[in-house]
Structures are given as C-alpha cells and as structure tokens.
Amino acid sequence: MTSLTNDNIPGQEPEEITGSEAVIRSLIAEGVDTIFGYPGGAIMPVYDALHDHHHNLKHVLTRHEQGAVHAAQGYARVSGKVGVCIATSGPGATNLITGIADALIDSTPLVCITGQVLSGLLGTDAFQESDVIGITMPVTKWNYQITSAEEIPEAIARAFYIASTGRPGPVVLDITKDAQFAKVLYSYAKCVKIRSYVPEYPADKELLRKAADLINNAKKPYLLYGQGVMLSGGEKELISFLDKSGIPAAGTLLGLSSIPTDHPLNMGMLGMHGNYGPNIKTNQCDVLIAVGMRFDDRVTGTVGTYAKQAKIIHIEIDPAEIDKNVKTDVALIGDAKHTLRLLSHLVQAKQHPEWLAEFKAAKDVEEEKVIKNDLAPQKAGMTMAEVVRMASDLTDNRAVVVTDVGQNQMAAARYTKFEDSRSWVTSGGLGTMGFGLPAAMGAKLGAPDREVVVFTGDGGMQMTLQELGTIAQEKLAVKIVILNNHFLGMVRQWQELFFEKRYSFTEILSPDFVKLADAYGIPGSAVNHREDLEREMKKMFDTDGPYLLEVHIEKEDNIFPMVPQGKSVAQIILSADELK
C-alpha cells in the first residue's frame, strides 16, 4: 500500500495489539458509534475484540447480511456519517453485494468490512472463501484486501476518507483471519490526502461567469436539484439561490426533502412518476440548471428528445457524470454547496411570474385529473396516496420517511410533504426491493429523536421481513406501514397498461403480517376500511416502540402521472385512457 502524507497523532505512543483490536480502535478513532453485522468464522477475531468495546461502540445484530448493509445505508443517509457493516467471508460477504451496489449508484458512504480465510489459503477454494475483491470491484468506490496486521490502521483511515469525500460511496476492506490474529505496533492517523485522488476541484471563475450570464439572460430558467445538494450540506445555499434568482425548481427522487415541499419555488418531483409540470416544462425552459444530479434515464425519458431547446448548466462533483447522458453547455465541476454560494453572488435578483404561472397551470391540471382522485377517491378501496398523506399530516411533515421499491415508493414520494432535510430514504438507482425495512432500522439509529416511518409493499416486505427480529431485539421505534394490494404492484401496473392485463406471476400470497409481528412481540393492526384508517394510524404513532400497520389497498390502484418507457418527458400521461 502506498504511504499517505499524514503523520501519527502527536503524543500518541505506539502500542502492540492484535489486528482485530486495531480494527475496533480504528473505527472508534473515526468517530463510529454504530455498526451493523453478523458474525462468522473468518471475522470472529474482530467480534472477540468488539466484546471489550460494547460500551462505546454499539453493534446491531441483523438477521441477514443484506439487512446489515441496508441498515448501514439508512444510518448514513439520515445522519450524514459513514455507515459501517461487518460480515464474515464467503456467503457473508456475498450477501452484502446488493447493498454495496445500491450504495454506489446512490452515492451513500459506507465502509464494509469482511473477514477472509487465512492468507496462506487464498486461491485454494478454502471453506467459505470467495474472491471478495474481484466480486466487489465493479460496485465499490475502492476496495482492498488486508493480509497483514500492519496494514489495518492505514487502510481503515484511507477507507473512511475515500468513502466520505468527493462523491461519496462504498468501500470494502477484506481482512484475512491471520491479519486479525497477528500483532501490530498500533498508532492511528486520519487520512487527509491521497496522491492522485482528487475529491473536489477548485471553482472555475470564468465558467461561473458564463453560467451566470446564461441565467441572468434567461426568460424561462429552470433548476433541477438532486441528492448532491444534501450530500454537500448545501440546502441553505440552494434556497438562497432560488430566493434571489426567482427560478422554479424540482427535485429528483433522491433530491426530495432538500428544500421544504411548500417552498413557493419548489414545483415538485421530476421523473417517470413525477409531477406533470416539472416534467413537461423541462422541454419548454430556455436554461436548465442541474445541481447534484446525474440525468438518470428515469428523469430524462428518451434522451434524444430531452431539453433540446435549452442551454444546460450542470453543477456536479463527479467529472464522470458530465456529458455522460446529456450534453452540457457549461459544466461547473465542484461541490454543490460551494458552487451555489459562488454562483449566487453573480446572479441578478429577479422574479419570473409569467413562467411560474405556467407551472401553476400544469399543477392545476394534475390536481384535477390525478391528485384529487388519489386523495379523495370515489371508490370503496383505499389508495396508497391517502394513506401516505395521512401519515405525513399526523407527523406534521417532520418524520423520516423510508420506502421500499415499487408503487409504495412512488406514492410516498408524491404524497409525503417535507419540512426538514435528510427526511427521505429510498433506493433510487438500483431500485432494490427489500431495502425499506432494514434501511428504516438504520435510519432510526441514525436519527433516534425523530419519528421514522417506512412504507413497504407486500412483496418487498417479504424479502427482508426477518429484520422484524432485529427491530424487536433492539426495541427500535420504527413505524411499519404495509400497503398491501396482494400484487407485485408496479409490475402489475405495467402488465395492465402494456401487456393487456396479462397478470403473469404478480399475484402474491402473504402471511398475516399482524400475527407475524405479534410473534416477534411487535404490536400491530390491519385496516380494511377507510373509516378505520385514521384511528389505527393514530394508534400506531401513539404507541411507544415499533408498530406494524397493514393497510389493504385497492388492487388496481395505479400511480400516475407516468412517462411511458421510450417516450419523451413531454409525453407524460395522466391516466390509462391516454394510452388508448
């Protein structure tokens, strides 16, 4: 391993300890207070060392390694810290892969530590050996195999620095068992610099002026904000920029909660199931400012028809995202917080009443054709929207909202109102079913003083429902809302709209979720009728500790608006009738 530029902490005398003890002390030195994991043979020395540090390093025993990595993601997303998870070799390590891949595409800072067989057995197909480095290389920001105890402090310092700086992401450290047993003369120094790794670039003043000129001369400017705003801590800078420039803005799925829902310049959500105005106005603006987002295909629709009339300014910390999907006119490579602050000094104070009125007109159309029917349905069956909005209202829009993936996710995104930043945890880029329940555990531990509610479907719930055991053991006050339509809902919606209602293997049998929760000692109730919903939801929020609420939803409750795959954002539809 190449040496770093930092020196040992002044006054710190090296001490001879085991590699496993060095792992735990290094985590504590990095400010880690919570780790999620599952023990096994190849990581047992680290768990033995952990036994002596339980008073200042909390370990959460999940029921599956996938639960551990998703919980670490939830913890990282709400706390702003690096999430940490630990697993053993072989299947323990490979069970982390889905969460690691999820963290990479959603820019979530993680340090994942895996045990490995003795270094002398590497490559021999030893018991519970897997090529963790080879397997995780495509889905990590950095990975490294440690085969000697001397490498441990430096590798951990480097791991936290890489995971948390620049565009955040997951790091994997694979530690052989003999490295955990061996002795090392231990001292620790945090990593502050790595040669050839440039986490952030200095602002280009000429490009800033060019961007400001485009904005100042625009008639219909429009800003799109992504998760990069929150990751940089730039929420206040974004609001200041919008207030001064008068520019309407909309968020990506992961950008939600960066600014309050009811901010007068917040037009809603972009994307396949986003709001009507934010989508159609993309192809009508004259300057498009993208901040901390990567022009995902769920945002752009068909790229060949996306915002061709607009000059595009892209503020992005990762140079690899520039011009990857959408060609930009001005690329401002840098941290969103810092770049927005600099750009705010150069833009003129303006208002755009006529342009905002166009968004208002589009919102009125969506209100009449979609939202009114979702929130006040005329049919007997309950909608996902009314359940989500009621939860938002009962928590004064202050809860941390976690979701699984599918219709429950889109309903929660559309109908939750946000007052505070870091209030939204979902799997965006990878779309991982089973993410919701374990991520909610991590979110609660990352924000213990906040209400945490998770919306999941009957399908996603059954992928990781064993984590009810973790919730029970840790007494985590997670409020679990299962939106049960007895189908794999999002797939069923596509089958209804595009496959002539040929519901091929999407109807799903579920257990009695309330009885299942009761088996873990978790209280719960089921709602079959609208008139019982408010009473049962209030009971859920009034209950100390965890609670499971199963709400039976109209089977063919669909999510609209929708940009059909292969279509332009301007071709967004408001109902199934528009496909006929």
Side-chain angles (χ1 to χ4, degrees), residues 105-106 220-228 247-256 266-316 321-329 331 355 358-359 361-363 365-366 369-371 405-407 409-411 413-414 426-431 489-491 493-499 558-580:
I105 199 166
D106 282 355
K220 294 185 175 184
Y222 183 24
L223 186 143
L224 316 180
Y225 60 89
Q227 188 188 201
I247 297 174
T252 66
L253 179 65
L254 291 184
L256 296 180
N266 191 359
M267 299 296 111
M269 184 176 73
L270 302 160
M272 180 174 280
H273 291 288
N275 294 111
Y276 183 57
N279 276 292
I280 64 171
K281 294 304 171 186
T282 303
N283 280 11
Q284 297 174 21
C285 65
D286 57 2
V287 172
L288 188 66
I289 310 153
V291 185
M293 51 89 76
R294 58 189 179 85
F295 290 113
D296 174 75
D297 62 287
R298 290 295 172 109
V299 164
T300 63
T302 305
V303 177
T305 61
Y306 184 79
K308 291 300 179 184
Q309 79 294 338
K311 296 291 185 181
I312 295 179
I313 300 166
H314 195 178
I315 299 174
E316 170 59 48
E321 293 296 344
I322 301 297
D323 294 337
K324 186 176 82 173
N325 297 325
V326 173
K327 179 69 176 174
T328 59
D329 294 278
W355 179 222
E358 293 186 32
F359 279 92
K363 182 178 180 180
V365 170
E366 183 179 352
K369 293 190 175 182
V370 179
I371 296 173
V405 167
Q407 288 183 316
Q409 176 187 35
M410 293 298 106
R414 286 181 51 79
T426 196
S427 171
L430 201 63
M490 188 60 83
V491 182
Q493 178 169 333
W494 279 63
Q495 288 174 335
E496 176 187 343
L497 299 179
F498 306 111
F499 292 88
N558 288 331
I559 302 292
F560 287 102
M562 179 181 186
V563 179
Q565 195 159 14
K567 299 294 185 180
S568 160
V569 290
Q571 294 173 296
I572 189 169
I573 61 174
L574 298 170
S575 71
D577 292 340
E578 295 181 39
L579 291 172
K580 296 177 182 178

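- In this structure a side-chain-to-backbone donor-acceptor pair under 3.5 Å is present from Asp286 to Lys220.
- Contacts of His273 classified as ring-ring contact (aromatic ring centres under 6.0 Å, His included), with partners at least two apart in sequence or in another chain: none.
- For Trp355 against Pro248, the heavy-atom pair with the smallest separation is NE1-CG, 3.3 Å.
- Note that CG of Asp323 and OG1 of Thr328 are 4.0 Å apart. Values are rounded to the nearest 0.5 Å.
- Residues Thr252 and Asp296 are not in side-chain contact: their nearest non-hydrogen atoms beyond the backbone lie 4.5 Å or more apart.
- Here the closest heavy-atom approach between residue Val563 and residue Gly271 is recorded as CG2-O, 4.1 Å.
- Here the shortest heavy-atom pairing between Ala290 and Phe295 reads CB-CZ, 3.4 Å.
- Listed for the Asn325 side chain is a donor-acceptor partner under 3.5 Å among the backbone atoms of Arg294.
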Could you pull out every donor-acceptor pair under 3.5 Å between side chains of residues 303-311 and any protein atom, sequence neighbours left out?
from, atom 1, to, atom 2, distance (Å)
Thr305, OG1, Thr302, O, 3.1
Gln309, NE2, Thr282, O, 2.9
Gln309, NE2, Cys285, O, 2.8

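- Scanning all heavy atoms of the two residues, the minimum distance from Ile280 to Ala362 falls at CD1-CB, 4.2 Å.
- Salt bridge annotation for Glu366-Lys363: absent, with no cationic side-chain nitrogen under 4.0 angstrom from a carboxylate oxygen.
- Note: Arg414 CZ to Ile559 CD1 = 7.5 Å, rounded to the nearest 0.5 Å.
- Panel note: side chain Gln227, backbone Asp106; a donor-acceptor pair is recorded below 3.5 Å.
- Side-chain contact check for Tyr276 versus Lys369: every heavy-atom pair is 4.5 Å or farther apart.
- Dense packing is recorded around CZ of Phe498, with more than 12 heavy atoms of other residues, nucleotides or ligands lying under 6.0 Å away.
- Checked by atom type and distance alone, the side chain of Gln409 pairs as donor or acceptor with a backbone atom of Ser427 at under 3.5 Å.
- Exactly one residue among Lys567, Gln493, Glu578, Met410 makes a side chain to side chain contact (heavy atoms under 4.5 Å, CB included) with Met562. That residue is Gln493.
- In this structure, CD in Glu321 is found 10.0 Å from CE in Met293, a value given to the nearest 0.5 Å.
- Nearest heavy atom pair, residue Tyr222 against residue Ala250, reads OH-CB, 3.4 Å.
- Side chain of Asn275 to backbone of Met269: a donor-acceptor contact under 3.5 angstrom is found.
- Inter-residue side-chain proximity for Arg298 and Leu253 is flagged as unmet; no heavy-atom pair is nearer than 4.5 Å.
- Between Ile313 and the options Val287, Val291, Leu288, a side chain to side chain contact (heavy atoms under 4.5 Å, CB included) holds for only Val287.
- The two residues Asn279 and Ile572 come nearest to each other via the heavy atoms ND2-CD1, 3.5 Å.
- Here the CG-CD1 distance, from Leu254 to Ile105, works out to 9.5 Å after rounding to the nearest 0.5 Å.
- Under the 3.5 Å distance criterion, the side-chain polar atoms of His314 are left unmatched by any main-chain donor or acceptor of Lys327.
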